[in-house]
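Inspection log for the structure reproduced underneath, given as structure tokens.
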Amino acid sequence: MTKGELRAYVIAHPNNRSAFHTFVDRFTAEASPATYNIPNSTDEVKEVEVLIKQKLSHLKTS
């Protein structure tokens, strides 16, 4: 079952804890281990916004 199919199953069967745990396990296994500090100033918030927009733009063209 693909991740998308599992997600759809979990949504359709919200009481199936086993399926939910399987979905979370797959999601966390694929997640990046990178962590980032919370922006401490307005300038840092703006910088993060720019980086997010750049990443989204890159994903749209890929």
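Counting from 1, the numbers follow the sequence of the chain as shown. FYI, side chains are in, hydrogens and waters are out, and symmetry mates aren't considered; it's all heavy atoms of this structure.
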Quiz prompt | side-chain hydrogen bond (donor to acceptor under 3.5 Å, both in side chains) contacts in which one or both residues fall within residues 34-51, not counting sequence neighbours | solution = none
Self-check item: From Arg17 atom CZ to His21 atom NE2, the distance as rounded to the nearest 0.5 Å
Solution: 6.5 Å
Quiz prompt | Student check: side-chain heavy atoms of Phe23 and Lys3 closer than 4.5 Å | solution = yes
Quiz item: Going by heavy atoms in the side chains, are Leu6 and Thr22 under 4.5 Å from each other?
Solution: yes
Quiz item: Mind checking what makes salt bridge (charged side-chain N to carboxylate O under 4.0 Å, His left out) contact with Glu5, not counting sequence neighbours?
Solution: none
Exercise. Check the hydrophobic clustering (I, L, V, M, F, W, Y; side-chain heavy atoms under 4.5 Å; chains of links allowed) and say if Tyr9 and Phe27 are grouped together.
Key: no
Quiz item: Residues two or more places apart in sequence or in another chain: which of them pass side-chain contact (heavy atoms from CB on, under 4.5 Å) with Ile52?
Solution: Val48, Leu56
Quiz item: Within the distance-only criterion (no hydrogens, no angle test), does the side chain of His58 pair as donor or acceptor with the backbone N or O of Gln54 below 3.5 angstrom?
Solution: no
Quiz prompt | Closest non-hydrogen atom pair between Ile11 and Pro14, with its separation | solution = O-CD, 3.6 Å
Quiz item: So do Asn15 and Phe20 actually touch side chain to side chain, heavy atoms under 4.5 Å?
Solution: no
Self-check item: Over 12 foreign heavy atoms within 6.0 Å of CZ, Arg26
Solution: yes
